Amino acid sequence: MDNKDFFERVYEVVRLVPYGRVTTYGAIARFLGSARSARMVGWALNKSLCQKEYVPAHRVVNRNGILTGKYYFGGSKVMEELLLSEGIRVVDDQIKDMEKYLWDPYEELV
DNA sequence: CGTCTGACGCACG
DNA sequence: GCGTGCGCCAGAC
């Protein structure tokens with residue numbers, strides 16, 4: 001873990017997100033030790049699009065549950081469709097009852 | 001080395 | 001509830 005780049009750690013956590021669950025940039029940042037580095041998480045995810053191994057970036061949203069990176073996901077509805085296919089309710093580019101689907105690594109990976 | 005830029009988050013008004 | 005501003009850290013120029 002420590003030998004890996006900040007980005008790779010982000011990828012690992014994101015891959016650990018269970019099917020039908022979502023997490024937030026802030027939660028990941030907090031888990032990595034930099035609670036106020038949420039921007040780095042989003043940036044890392046953007047870079048993740050070029051990674052060989054698939055990273056379920058669609059399961060990562062901001063604190064409000066909004067699909068902020070949908071335009072970077074290769075399409076406008078792709079991200080939403082993926083979430084919907086996992087049983088997650090998405091209304092107006094925002095996750096409905098996201099607290100119910102929220103998967104906080106800080107809570108789960110104690 | 002100085003500056004800008006982010007898929008964010010939070011404090012303020 | 002919404003718009004604005006600032007902090008945060010790492011990478012690109």
Side-chain angles (χ1 to χ4, degrees):
Chain A
M1 285 287 264
D2 296 331
N3 296 333
K4 296 187 177 182
D5 295 327
F6 184 88
F7 299 127
E8 292 186 56
R9 292 193 225 172
V10 175
Y11 304 151
E12 277 193 55
V13 177
V14 176
R15 290 196 193 101
L16 291 175
V17 179
Y19 180 92
R21 295 293 213 91
V22 297
T23 189
T24 67
Y25 303 99
I28 296 172
R30 188 159 54 105
F31 177 72
L32 294 178
S34 302
R36 301 173 188 83
S37 310
R39 312 182 82 173
M40 302 299 89
V41 177
W43 193 17
L45 284 173
N46 177 267
K47 191 180 167 190
S48 76
L49 298 175
C50 301
Q51 293 295 308
K52 290 182 180 178
E53 201 159 340
Y54 179 68
V55 178
H58 61 278
R59 292 179 189 154
V60 184
V61 295
N62 69 357
R63 192 60 180 111
N64 299 314
I66 300 174
L67 285 54
T68 48
K70 70 171 191 171
Y71 297 109
Y72 288 78
F73 212 76
S76 57
K77 294 182 180 175
V78 180
M79 192 170 181
E80 182 177 336
E81 291 294 327
L82 287 170
L83 291 172
L84 289 173
S85 67
E86 296 191 2
I88 299 174
R89 274 205 241 169
V90 179
V91 180
D92 191 28
D93 300 332
Q94 183 172 15
I95 296 177
K96 183 72 175 176
D97 300 326
M98 73 162 291
E99 294 183 0
K100 190 161 125 189
Y101 304 107
L102 182 60
W103 180 84
D104 188 340
Y106 202 77
E107 297 289 334
E108 304 293 336
L109 303 179
V110 183

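In this text the structure is predicted, and so the values were computed from the model without any measurement. We name chains A, B, ... by the order of the sequence lines, and we start the count at 1 in each one.
Taking OH from A:Tyr11 and NZ from A:Lys47, the interatomic distance works out to 5.0 Å, rounded to the nearest 0.5 Å. Separating the CZ atom in A:Phe31 from the OG1 atom in A:Thr24 is a distance of 13.0 Å, to the nearest 0.5 Å. For the atom pair A:Lys77 NZ and A:Asp93 CG, the distance stands at 10.0 Å (nearest 0.5 Å).
C:dC13 and B:dA7 have their P atoms separated by 16 Å, with the value rounded to a whole Å.
Within 6.0 Å of the OH atom in A:Tyr54, the count of heavy atoms belonging to other residues, nucleotides or ligands exceeds 12. A 6.0 Å sphere centred on CZ of A:Arg63 holds no more than 12 heavy atoms belonging to other residues, nucleotides or ligands. Annotation: A:Phe6, atom CZ; neighbour count of heavy atoms from other residues, nucleotides and ligands within 6.0 Å is above 12.
Judged by distance alone, with hydrogens and angles left aside, the side-chain atoms of A:Ser48 form no donor-acceptor pair with the main-chain N or O of A:Gln51 at under 3.5 Å. Remark: the backbone N or O of A:Lys96 is not paired with any side-chain donor or acceptor of A:Arg89 at under 3.5 angstrom. A:Thr23 places a side-chain N or O within donor-acceptor distance of the main-chain N or O of A:Trp103, the cut-off being under 3.5 Å. For A:Asn62 (side chain) and A:Asn64 (main-chain N/O), a donor-acceptor pair under 3.5 Å exists by modelled atom type.
The distance between atom CG of A:Asp5 and atom P of C:dC9, rounded to the nearest whole Å, is 18 Å. One interatomic measurement links the two molecules: CZ of A:Phe6 to C1' of B:dA7, which rounds to 13 Å at whole-angstrom precision. Distance A:Tyr11 OH to B:dA7 P: 14 Å, rounded to the nearest Å. Computed from coordinates, the A:Arg9 CZ to C:dC9 C1' distance equals 13 Å when rounded to whole Å. Remark: C1' of B:dA7 and CH2 of A:Trp43 are 13 Å apart, rounded to the nearest angstrom. Whole-Å rounding puts the A:Phe73 CZ to B:dA7 C1' distance at 11 Å. Atom CD1 of A:Ile28 and atom P of B:dA7 are 15 Å apart (whole Å).
Across A:Val60 and A:Met79, no two heavy atoms sit closer than the pair O-CE, 3.7 Å.
Scored by the side-chain hydrogen bond (donor to acceptor under 3.5 Å, both in side chains) test, A:Thr68 finds A:Tyr25 as partners (sequence neighbours excluded). Residues forming a side-chain hydrogen bond (donor to acceptor under 3.5 Å, both in side chains) with A:Arg30 (at least two apart in sequence, or on another chain): A:Asp104.
If you check every strand for non-hydrogen atoms under 4.0 Å, A:Ser37 touches sugar and phosphate atoms only.
The shortest distance between side-chain heavy atoms of A:Leu67 and A:Ile95 falls below 4.5 Å.
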Produce a footprint string for nucleotides 8-13 of chain B: one letter per nucleotide, 5' end first; B if the base is under 4.0 Å from any protein heavy atom, S if only the sugar-phosphate is, - if neither.
BSS---
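Across residues 48-57 of chain A, A:Leu49, A:Ala57 each have a non-hydrogen atom less than 4.0 Å from an atom of DNA chain B (numbered order). Contact check of residues 77-90 of chain A against DNA chain B (heavy atom, cut-off under 4.0 Å) returns no residues at all.
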How does DNA chain C look in dot-bracket notation if pairs are Watson-Crick or G-U with both distances under 3.5 Å, crossing ones as [ ], other-strand ones as |?
.||||||.|||||
